[in-house]
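Residue numbers start from 1 in every chain, and the chains themselves are labelled A, B, ... in the order their sequence lines are given, proteins ahead of strands.
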2 protein chains.
Amino acid sequence: MPKVVDHHERRTLIADALLRVAARDGLEAVSLRHVATEAGVTSGMVQHYFRTKDEMMQFALGVVRERNEARITAAVTRLGPAPAPRDFLHAVLAGLLPLDDASRADGLVALAFLAYAAVRPEAGTSLRRDAPQMVAYIADQIRTAQAAGAARAGVDPEAAATGLLAVTEGLGMYLLTAQTTPENAIRTLDAHLAFVFSGS
Amino acid sequence: MPKVVDHHERRTLIADALLRVAARDGLEAVSLRHVATEAGVTSGMVQHYFRTKDEMMQFALGVVRERNEARITAAVTRLGPAPAPRDFLHAVLAGLLPLDDASRADGLVALAFLAYAAVRPEAGTSLRRDAPQMVAYIADQIRTAQAAGAARAGVDPEAAATGLLAVTEGLGMYLLTAQTTPENAIRTLDAHLAFVFSGS
DNA sequence: CGCGTTACATTGCAGTTGTAACGTAAACGG
DNA sequence: CCGTTTACGTTACAACTGCAATGTAACGCG
């Protein structure tokens, strides 16, 4: 194999340029040539690393997903070992919110991809977060807290878990469209957590 | 004024065709000619009623908004006079959810417009629901219920109102992306309402 | 040293896009 | 009855799109 170049590195370089274009001018402005100029390369090179535009989009979508997951795990590890269910959920859900500029840009792109994939189901499979798995996990946390007396006994863990995820998603949309402030989003999330968890 | 034609009727006819195209093939597939063929007219006629594409988009966006508002008011009037705050909120919020095919199609288009407007702020002003007004109204309902002893006294009305709207928005997204079922969405919404309202 | 494979760059092409320009028919006001 | 205004239809055009084709240079392997 002649000419040693890191294939994956080049692809992420191009995908990063794509995401910058998408965050700035919208997904509709993403074209081979625009991405190429944004990345500072020729359109021929882009075409060399992605045989088709859809292939490029799929890859970029994967990059967004990876970054999101990384953000969450970072928020969790920052929490230390064996955190209380409430603190844990707060960290995870707040980590999902587009609070800083970087995650905001990613959120905008994810939103655009969501609309893009709503009609192109084969492209949306990768985007569709494993929500059921997430719901089950959160519900488990709630059950644990209930057993320890830290959460209200009356609540349905599954419904509460879905509600928590939904409220996070909704707050994310409000943040992306500048319909609310980060402080208010956090406050609302905390209020919802207070509904589930009894003490203090 | 020669040739009597209802201007507004023609425009809504074209806008309806636009929305059909957008719901079926995505917003990116919306072009003057596609809309024209979908509406069964010539592209020249479309151009006659909308001098520019953006003007057409704005109008179509307004149509979506009107339909959404009509759906909510219909749900409310179906409720009868002087409903209890909890029933009222249930009707309004459930009316916001894309449960049937018609509102689902509108929801998909609204989602696409949201992503479209996220980068084109001048186009998004019309889409940005008057959230603060909505929050204030819901918060008032909660306060009324609190005074009547029908809602938990401890909850912050503003935060709870924002949370209710956010959970509705999030459930709407889950419904649009087929990540949940209508039954589950309603169940989650009810569970959240039960957090706010105490009795039964 | 070939030489084949890889990594780009350049060019071309057919199709679609938004929009302007021009043409025509019909209805009303005078 | 005539001219102006409105309601379209048709055509043209420059810009852009994704993609295929073709080029060229460089590196590793035999």
Counting side-chain heavy atoms from CB outward, which of [options] is closest to [X]?
| X | options | result |
| --- | --- | --- |
| B/R33 | C/dT17, D/dC19, D/dG9 | C/dT17 |
| A/Q47 | D/dT17, D/dA20, D/dA7 | D/dA20 |
| B/Y49 | D/dC19, D/dA7, D/dT10 | D/dA7 |
| A/H48 | C/dC8, D/dG18, D/dA7 | C/dC8 |
| B/T42 | C/dT17, C/dC8, D/dG9 | D/dG9 |
| B/H34 | D/dG18, C/dT19, C/dT17 | C/dT17 |
| A/S43 | C/dT10, D/dT17, D/dC8 | C/dT10 |

How many whole angstroms separate atom [atom1] of [X] from atom [atom2] of [N]?
| X | N | atom1 | atom2 | answer |
| --- | --- | --- | --- | --- |
| B/M45 | D/dC8 | CE | C1' | 8 Å |
| A/L32 | C/dT11 | CG | C1' | 15 Å |
| B/R10 | D/dA7 | CZ | P | 9 Å |
| B/D25 | C/dT16 | CG | P | 14 Å |
| A/L18 | D/dG18 | CG | C1' | 14 Å |
| A/E55 | D/dG18 | CD | C1' | 14 Å |
| B/F50 | D/dA7 | CZ | P | 13 Å |
| B/D6 | D/dT6 | CG | C1' | 15 Å |

Within 6.0 Å of CG in B/D101, more than 12 heavy atoms from elsewhere: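 Counting other residues, nucleotides and ligands, CG of B/D101 stays at 12 neighbours or fewer.
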First encountered from the 5' end of DNA chain C, between B/A29 and A/G44: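 The residue closer to the strand's 5' end, by nearest nucleotide, is A/G44.
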Any side-chain donor near an acceptor of the partner, A/D100 and A/S103, under 3.5 Å: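 Yes, side-chain donor-acceptor contact under 3.5 Å.
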Axial cation check for B/Y49 ring with B/R11, 6.0 Å and 45° limits: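 No, B/R11 and B/Y49 do not form such a contact.
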Is there a side-chain contact between [X] and the phosphate of [N], meaning an N or O under 4.0 Å from OP1 or OP2?
| X | N | result |
| --- | --- | --- |
| B/R51 | C/dA20 | no |
| A/T52 | D/dG18 | no |
| A/S31 | D/dT17 | yes |

Within-4.5 Å side-chain heavy-atom neighbours: A/L93 and A/L165: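 Yes; the side chains approach each other to less than 4.5 Å.
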Side chains of A/E169 and B/Q179 in contact at under 4.5 Å (non-hydrogen atoms):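 No, too far: nothing below the 4.5 Å cut-off.
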Sugar-phosphate, base or nothing in reach of A/V30, heavy atoms under 4.0 Å: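 The answer is sugar-phosphate, as A/V30 gets under 4.0 Å only of primed atoms, P, OP1 or OP2.
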